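Letters go in sequence order (proteins before strands), and every chain restarts at 1. Source: prediction; values computed, not measured.
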2 protein chains.
Amino acid sequence: MTGNSRFAVSVHILSYLVYKQGAAVPSSEIAASVDTNPVVIRRLLSALVKARLVNAQKGASGGFSLASAPANISLLDIYRAVEPKPSYGMRNFAPNQKCPVGAKIEAILQGLFFKAQSAMETELGGMTIADVVAQLRPICSGKR
Amino acid sequence: MTGNSRFAVSVHILSYLVYKQGAAVPSSEIAASVDTNPVVIRRLLSALVKARLVNAQKGASGGFSLASAPANISLLDIYRAVEPKPSYGMRNFAPNQKCPVGAKIEAILQGLFFKAQSAMETELGGMTIADVVAQLRPICSGKR
DNA sequence: GGGTTTGTAATATAATACGTTACAAACGGT
DNA sequence: ACCGTTTGTAACGTATTATATTACAAACCC
């Protein structure tokens with residue numbers, strides 16, 4: 001999708017928060033579930049907090065919790081919160097402007113990528129974290 | 001879209017071949033239009049030849065030409081020919097299998113990415129190189 | 001006040017992509 | 001049949017990006 005795994009990890013994070021049922025979950029615990037470093041988790045959560053998808057609480061017995069009901073958080077919300085640049089597929093594409101093809105192809109490709117990207121985003125917009133968590137059952141949704 | 005610019009350059013290449021109206025075009029000429037090294041172009045063309053979208057001709061006065069009519073080459077054909085790995089967005093995502101969330105989230109995400117990817121590919125499948133070239137007009141479609 | 005946690009900077013390491021050089025093999029024109 | 005041209009591909013260098021890790025200030029609860 002994008003080369004990195006920020007979106008995948010973010011969906012994992014939010015699913016874990018749902019799993020923990022509103023408790024304040026520290027980054028270290030989430031990191032253990034994702035199997036990575038807590039700082040990596042906090043960096044993603046920083047973006048998710050800015051997007052108002054998650055609440056953060058500092059200090060002892062602090063941690064992270066969802067800011068909305070799972071059914072109100074679409075995967076597109078997450079995608080847009082953590083995915084950086086919309087320079088889709090044209091990182092270092094700079095054709096020769098003196099060539100009649102090179103001069104016009106860039107704008108055409110941008111429109112083209114926008115359509116492809118929009119199709120994908122529409123798909124992501126139709127799914128929520130609640131849908132993802134529904135597929136996680138049956139895991140002890142009342143225990144722990 | 002994918003982080004690299006192989007697809008963008010490939011669409012440029014095929015558009016250029018249409019622009020040259022069936023003539024055998026050497027990689028050096030295409031490279032000048034894209035503004036990169038001829039080897040980069042040949043590497044992509046190697047994949048396009050394997051996918052039977054392009055014909056290659058060695059030797060003096062050789063070069064590349066389209067293997068089909070522009071209207072018969074979809075952008076999805078190109079995308080699949082040159083885009084490498086379908087490990088969409090999960091490059092190094094390997095959650096903790098001992099955690100009930102980590103153990104199941106991977107398969108869920110794969111299904112999710114597949115749906116998002118399919119939506120994008122459907123969009124690409126609905127467009128052809130002929131559509132792209134149509135947007136290039138008016139460039140001297142009969143001149144050199 | 002003390003221990004815990006977030007927030008973020010700085011740095012290291014690995015993966016990936018693109019650019020470049022080099023050269024063998026195939027081919028066409030003369 | 002030769003000679004210049006072009007493809008095809010390997011090998012290597014460099015830049016960019018992503019993730020991991022260490023470090024530490026700031027905020028917070030008990």
### Task
Evaluate the side-chain proximity of V25(B) to Y16(B): yes if any heavy-atom separation is below 4.5 Å, no if none is.
yes
message = Just so I know, are the side chains of V132(B) and L14(B) near enough to count as touching, which here means a heavy-atom distance under 4.5 Å?
response = no
Under 3.5 Å, which protein N or O atoms sit close to an N or O of nucleotides 9-12 of chain C? Give each pair with its distance.
| from | atom 1 | to | atom 2 | distance (Å) |
| --- | --- | --- | --- | --- |
| dA10(C) | N6 | R43(A) | NH1 | 3.3 |

Only residue of I41(B), V40(B), L45(B) satisfying side-chain contact (heavy atoms from CB on, under 4.5 Å) with R43(B) is V40(B)
Among residues at least two apart in sequence or on other chains, which ones pass side-chain hydrogen bond (donor to acceptor under 3.5 Å, both in side chains) with [X]?
{"X": "R80(B)", "answer": "E121(B)"}
{"X": "S33(B)", "answer": "H12(B)"}
{"X": "R42(A)", "answer": "S27(A)"}
{"X": "T36(A)", "answer": "none"}

Send over the distance from [X] [atom1] to [N] [atom2], rounded to a whole Å.
{"X": "L44(A)", "N": "dA18(D)", "atom1": "CG", "atom2": "P", "result": "12 Å"}
{"X": "L48(B)", "N": "dT7(D)", "atom1": "CG", "atom2": "C1'", "result": "14 Å"}
{"X": "F93(B)", "N": "dA15(C)", "atom1": "CZ", "atom2": "C1'", "result": "19 Å"}
{"X": "R42(A)", "N": "dA20(D)", "atom1": "CZ", "atom2": "P", "result": "14 Å"}
{"X": "N37(B)", "N": "dA11(D)", "atom1": "CG", "atom2": "P", "result": "18 Å"}
{"X": "L45(B)", "N": "dT7(D)", "atom1": "CG", "atom2": "P", "result": "8 Å"}
{"X": "I41(A)", "N": "dT21(D)", "atom1": "CD1", "atom2": "P", "result": "12 Å"}
{"X": "N55(A)", "N": "dT6(C)", "atom1": "CG", "atom2": "C1'", "result": "13 Å"}

Using a cut-off of strictly less than 4.0 Å, decide whether [X] has a side-chain nitrogen or oxygen near OP1 or OP2 of [N].
{"X": "R6(A)", "N": "dA18(D)", "value": "yes"}
{"X": "S46(A)", "N": "dG7(C)", "value": "no"}
{"X": "S5(A)", "N": "dT19(D)", "value": "yes"}

Of V40(A) and A56(B), the one whose closest nucleotide on DNA chain D sits nearer the 5' end is A56(B)
Per atom distances to the P26(B) side chain, the nearest of dT6(D), dT19(D), dG8(D) is dT6(D)
dist E29(B):CD -> C99(A):SG (nearest 0.5 Å) comes out at 8.5 Å
Value for CD (Q110(B)) from CD (Q117(B)), rounded to nearest 0.5 Å, stands at 13.0 Å
- prompt: Base, sugar-phosphate, or nothing: which does S28(A) touch, judged by heavy atoms less than 4.0 Å apart?
  reply: nothing
In B/S/- notation (B base, S sugar-phosphate only, - none; protein heavy atoms under 4.0 Å), nucleotides 25-30 of chain C written 5' to 3' is -BBS--
